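First comes the structure, then the notes that go with it.
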Amino acid sequence: PSPEKNIKKSHAASKLAGDLFLSCLFKKNNFPVIFTRSANVYGPHQQLYRIIPRTIAYLKLGKKIELHGEGKTVRSFVHVRDVADATLRAIKKGKEGEVYHLAPSGNGLAIKDLVRDICDMKQQFTQFGGARPFGVSILFAGVNSEPELFLTDPTGIYFQYKATAI
């Protein structure tokens, strides 16, 4: 198996071990525990290798997005704010020892359809003024020992260019 698969298996094993340990504490010692399990979480500051931020970053860079398995894999996604809200509700109103699954209703979405939807949204919102869900890029220019030009986008990624004149 690839190192990536071993990492995923070890993550699953350690999560299962933690769940089993906490379940035992709950059953034997009445240790207060509530479990939440969520679908694929997305939101601000997510790692760029994840499909949603990677799609947005590749769109901004004009790069082609390579989809594994032709993008046929079906996944459900839930925003980090929804996970936080649901977790807090489970803590306040949930039953100890219970498992709460946090996922949107429905059958999920094929990755290729998700990428297409993001591309369509970007196309729609960048054709007219007004709402800019993908933010704006900012250029910074200046002269130290020589002219410098920096471009930053809403993700915080910046690029330096060699300027010939400012």
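For the numbers below, each heavy atom of this structure counts, side chains included, while hydrogens, waters and symmetry mates do not. Small disclaimer: the values here were computed from a predicted structure and weren't measured.
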Heavy-atom closest contact ([X] atom, [Y] atom, distance):
{"X": "Ala86", "Y": "Leu102", "answer": "CB-CD2, 3.5 Å"}
{"X": "Ala39", "Y": "Phe77", "answer": "CB-N, 4.4 Å"}
{"X": "Pro53", "Y": "Gln46", "answer": "CD-OE1, 3.3 Å"}
{"X": "Val80", "Y": "Gly43", "answer": "CG1-CA, 4.1 Å"}

First locate atom [atom1] of [X], then atom [atom2] of [Y], and finally report the distance between them rounded to the nearest 0.5 Å.
{"X": "Leu22", "Y": "Lys27", "atom1": "CG", "atom2": "NZ", "value": "11.5 Å"}
{"X": "Phe21", "Y": "Phe26", "atom1": "CZ", "atom2": "CZ", "value": "15.0 Å"}
{"X": "Phe35", "Y": "Ser23", "atom1": "CZ", "atom2": "OG", "value": "3.5 Å"}
{"X": "Leu20", "Y": "Leu16", "atom1": "CG", "atom2": "CG", "value": "4.5 Å"}
{"X": "Lys72", "Y": "Ile111", "atom1": "NZ", "atom2": "CD1", "value": "14.0 Å"}
{"X": "Leu114", "Y": "Asn40", "atom1": "CG", "atom2": "CG", "value": "10.0 Å"}

Given side chains that start at C-beta, do those of [X] and [Y] come closer than 4.5 Å, heavy atoms only?
{"X": "Ile51", "Y": "Val115", "result": "yes"}
{"X": "Tyr58", "Y": "Lys64", "result": "no"}
{"X": "Val99", "Y": "Arg37", "result": "yes"}
{"X": "Leu25", "Y": "Val33", "result": "no"}
{"X": "Arg54", "Y": "Leu48", "result": "no"}
{"X": "Tyr42", "Y": "His79", "result": "yes"}
{"X": "Leu109", "Y": "Ser76", "result": "no"}
{"X": "Val83", "Y": "Arg81", "result": "no"}

Other residues, nucleotides and ligands only: do more than 12 of their heavy atoms fall within 6.0 Å of [atom1] on [X]?
{"X": "Asn107", "atom1": "CG", "answer": "no"}
{"X": "Glu96", "atom1": "CD", "answer": "yes"}
{"X": "Gln47", "atom1": "CD", "answer": "yes"}
{"X": "His45", "atom1": "NE2", "answer": "no"}

Is there a path from Val41 to Ile118 through hydrophobic residues (I, L, V, M, F, W, Y) whose side chains come within less than 4.5 Å of each other?
-> no
Within one Ile-Leu-Val-Met-Phe-Trp-Tyr cluster: Ile34 and Leu88, side-chain cutoff 4.5 Å = no
Electrostatic pair Asp85:Arg89 at N-O distance under 4.0 angstrom |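 Not counted as a salt bridge, because no side-chain N and carboxylate O are separated by less than 4.0 Å.
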